[in-house]
Amino acid sequence: MTDSLPRPQSWSVNDSAALYGVPDWGSDYFSVNTAGQICVRARNSGEQVPLLNIVQGLEQRDHAMPVLLRIENILDQRISQINDGFKKAIERFSYKGEYRGVFPIKVNQQCHVIEEIAKFGRQYHHGFEAGSKAELIIAMSHLRDREACIICNGYKDSEFVQLGLHAVKLGMRCFFVVETPSEIDTIIEQSRNLNIEPMIGLRVKLSAKVEGHWYEDSGDRSLFGLSTVQLVEVIDKLKSNNMLHCLQLMHFHIGSQIPNIRNIRAGVQEACRYYVELSKEGAPLGYLDLGGGLAVDYTGACTNETHSRNYSLEEYCVDIIESVSEALDPFEIEHPSIITESGRATVAYSSVLLFNVLDVSHFRSQKLPEQLPEDSSEICHNIWLALQNFSEKNLQESCNDAVHYREEVRHMFRQGQVGVRELALVENIYLEILQRAKKLLPKLKRVPQELQNLNESLADIYYGNFSLFQSLPDSWAIEQVFPVMPIHRLDEQPLNPAVIADITCDSDGKIDHFANAEGEHKTLQLHDIRENEEYYMGVFLVGAYQETLGDLHNLFGDTNVVSVRLEQDGSYELVEEIHGDSIGDVLSYVEYNPKELYEQFRSHAEAAVKDGRISVAQRQTMIKAFRTSLEGYTYFEREE
Ligand SMILES: *Cc1c(COP(=O)(O)O)cnc(C)c1O
């Protein structure tokens with residue numbers, strides 16, 4: 001009988017941390033404190049800061065949810081870790097070249113982020129990778145460090161090439177990476193016109209394939225890079241123009257988020273073969289650029305699955321330096337400086353999307369009557385009986401009955417044989433049976449096939465105050481998994497399996513796949529929300545790629561963005577606050593003129609006054625409200 005005694009309440013904050021996988025994906029930066037709140041820290045600054053404190057501080061300053069929070073010292077820390085990782089590997093293998101990281105601007109183009117990378121990265125000579133004229137302009141104006149590199153990828157027209165040549169003339173290490181044979185003509189021509197020697201790199205197409213989402217970026221059919229045939233063609237062109245000495249860099253990029261270290265090693269080994277051959281051709285080289293690909297462990301599983309990685313930053317650096325030395329030493333080729341273009345791994349950790357939950361749809365039964373109304377149909381009596389007879393033993397049978405009888409009654413409703421109240425009663429009994437069954441599932445040794453989806457089909461829907469399309473575009477576009485969880489109440493056991501819907505009311509606007517170290521899940525455990533108390537959630541590791549890929553679906557605009565710097569004593573400083581788009585802003589993006597809209601509405605209201613349908617005072621109230629809305633936030637705002 002001891003089995004049926006209620007178990008003592010034994011949920012702890014550690015259980016929450018484990019449930020949501022915080023120690024796995026949180027790296028050094030996120031953890032759960034004894035008060036059940038998720039905390040952030042930048043390793044050097046010691047103290048943990050509860051995100052809830054920051055949220056409350058923001059709300060006091062009128063930054064309504066949703067807010068994209070950037071933690072500046074985490075970004076700094078990442079830059080340090082990548083540079084230190086290579087420095088250690090270089091020392092360990094007595095490697096003769098240097099490491100020169102560049103940040104690919106496309107991964108997060110926001111001014112404040114770029115400024116911080118340029119400023120903090122200077123001590124490491126960290127540079128930028130630019131894929132367009134606009135990005136090159138950003139790089140040229142932010143980089144003051146002559147040791148740092150600017151790597152120009154992407155299609156380059158004459159104007160792009162001229163910009164880059166001016167950068168070279170100013171003393172910047174600005175490389176044109178040739179991606180197609182035709183580009184070399186433009187580069188040769190423009191450098192002659194301006195009389196500036198270009199710094200040239202070649203992007204080679206490797207045959208090594210990578211696992212993960214960016215499989216297509218690698219191998220023969222990858223969109224970018226020179227085939228061997230083209231490579232030879234470009235070298236001959238450089239030779240015949242007496243410009244082989246400008247060929248100083250070899251580049252490859254086999255995709256982003258490469259989960260398997262073996263693919264990285266294979267890529268480096270193949271690239272080194274080309275490096276050796278280019279040297280034999282007489283190119284001076286000196287730089288080997290390995291592109292991006294350093295993955296982020298979004299699930300914390302440490303595996304070679306798409307959203308994870310099976311290696312640490314240290315292993316990544318060691319494997320690269322070791323592979324390059326091993327490949328080049330037999331040929332007595334001087335060790336090149338190593339460039340990597342890590343974007344995701346540099347910025348992902350430093351941003352968190354914070355939002356509040358607006359409402360919850362529970363798939364729970366309402367209170368059932370003591371007994372059925374007298375005029376209830378036979379089927380109604382049948383499902384009622386199934387409920388009365390429900391027990392652990394006949395669990396599956398009861399569920400089957402519930403499904404069957406509900407179908408019958410729905411059919412009768414469509415035929416006009418039962419009314420809406422009886423249908424509602426049957427639906428309610430149905431939910432009660434399934435909920436009871438769901439509670440018993442954890443006790444079963446073997447869950448019958450038909451009941452395996454019970455948690456999903458009864459999952460609560462939590463409505464979050466954010467737009468997936470604006471703030472988490474990869475979650476929608478490429479099914480990217482991000483860690484998501486409540487940021488407080490972690491001392492309480494969350495009992496509701498749930499999915500999260502955004503406020504776009506689009507059926508795609510939802511988060512319904514989750515992952516932790518144990519695997520993928522279709523639901524996330526969440527707490528009951530309380531009246532008059534916000535339930536705050538965070539989506540983590542969103543600093544890479546999410547900000548500018550977002551769109552204006554349903555005209556939800558940019559969220560408020562706040563950058564903080566964590567202090568030693570556990571406080572934080574707001575270093576930048578940007579209000580999100582107003583409704584007027586987003587309307588003007590789709591070519592409306594907010595002033596005109598206001599004028600049109602005003603004249604509607606005035607006409608109504610003239611016709612005697614509203615008073616002047618009512619007119620004033622209406623147009624004031626209209627104006628306030630135009631100036632207001634596009635997201636759900638709580639009444640003051
Ligand atoms: C996108 C891109 C990167 C960034 O890759 P990450 O995996 O985010 O580090 C680097 N180099 C090139 C050429 C790219 O296109």
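Both ligands and their constituent atoms are indexed starting at 1 by order of listing. By convention here, the first residue in the shown sequence is residue 1.
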Problem - Sub-4.0 Å heavy-atom contact, S342 with ligand 1 - result: yes
Practice task
Side-chain contact test, heavy atoms from C-beta onward, threshold under 4.5 Å: evaluate it for V539 versus F355 and give yes or no.
Solution key: yes
Practice task
Might you work through the salt bridge (Lys or Arg N to Asp or Glu O under 4.0 Å) test for R100 and E147, ending with a clear yes or no?
Solution key: CA-CA 9 Å; R100 289 284 179 265; E147 293 285 309; 3.3 Å; yes
Exercise for the section: Decide whether an N or O pair under 3.5 Å exists between K106 and ligand 1. Expected result: yes
Completion exercise
Atoms of ligand 1 under 4.0 Å from any heavy atom of Q257, numbered from 1 in the order shown, are 7 (O)
Problem - Nearest-0.5 Å distance that lies between atom CG in D236 and atom CD1 in I184 - result: 12.0 Å
Exercise for the section: Quick one: pull up CG in D76 and CD in E116 and give me the separation to the nearest 0.5 Å. Expected result: 4.5 Å
Handout entry: Backbone or side-chain N or O of G293 under 3.5 Å from ligand 1 N or O
Key = yes
Fill in the blank from the handout: Taking only non-hydrogen atoms of N153 and a 4.0 Å limit, the atoms of ligand 1 in range are 13 (C)
Handout entry: ligand 1 N/O within reach of E341 N/O, cut-off under 3.5 Å
Key = yes
Practice task
Output yes when the distance from some N or O of ligand 1 to some N or O of G343 is under 3.5 Å, and no in every other case.
Solution key: yes
Exercise for the section: For ligand 1, note which part of R344 has a heavy atom under 4.0 Å away: side chain, backbone, both or neither. Expected result: both
Completion exercise
Output for pair (T559 OG1, L68 CG), nearest 0.5 Å, gives 5.0 Å
Practice task
Verify the distance criterion only: is there a donor paired with an acceptor across the side chains of H251 and E341 at less than 3.5 Å?
Solution key: yes
Exercise for the section: Hey, can you tell me if W476 and F469 have their rings parallel, tilted or perpendicular (30° and 60° cut-offs)? Expected result: perpendicular
Handout entry: Aromatic plane relationship, F103 with F128 - under 30° parallel, 30 to 60° tilted, over 60° perpendicular
Key = perpendicular
Practice task
Could you tell me whether ligand 1 has any atom less than 4.0 Å away from a heavy atom of Y545?
Solution key: yes
Exercise for the section: Report the part of S256 in contact with ligand 1, treating N, CA, C, O as backbone and CB onward as side chain, heavy atoms under 4.0 Å; options are side chain, backbone, both, neither. Expected result: both
Problem - N/O separation below 3.5 Å, H251 to ligand 1 - result: no
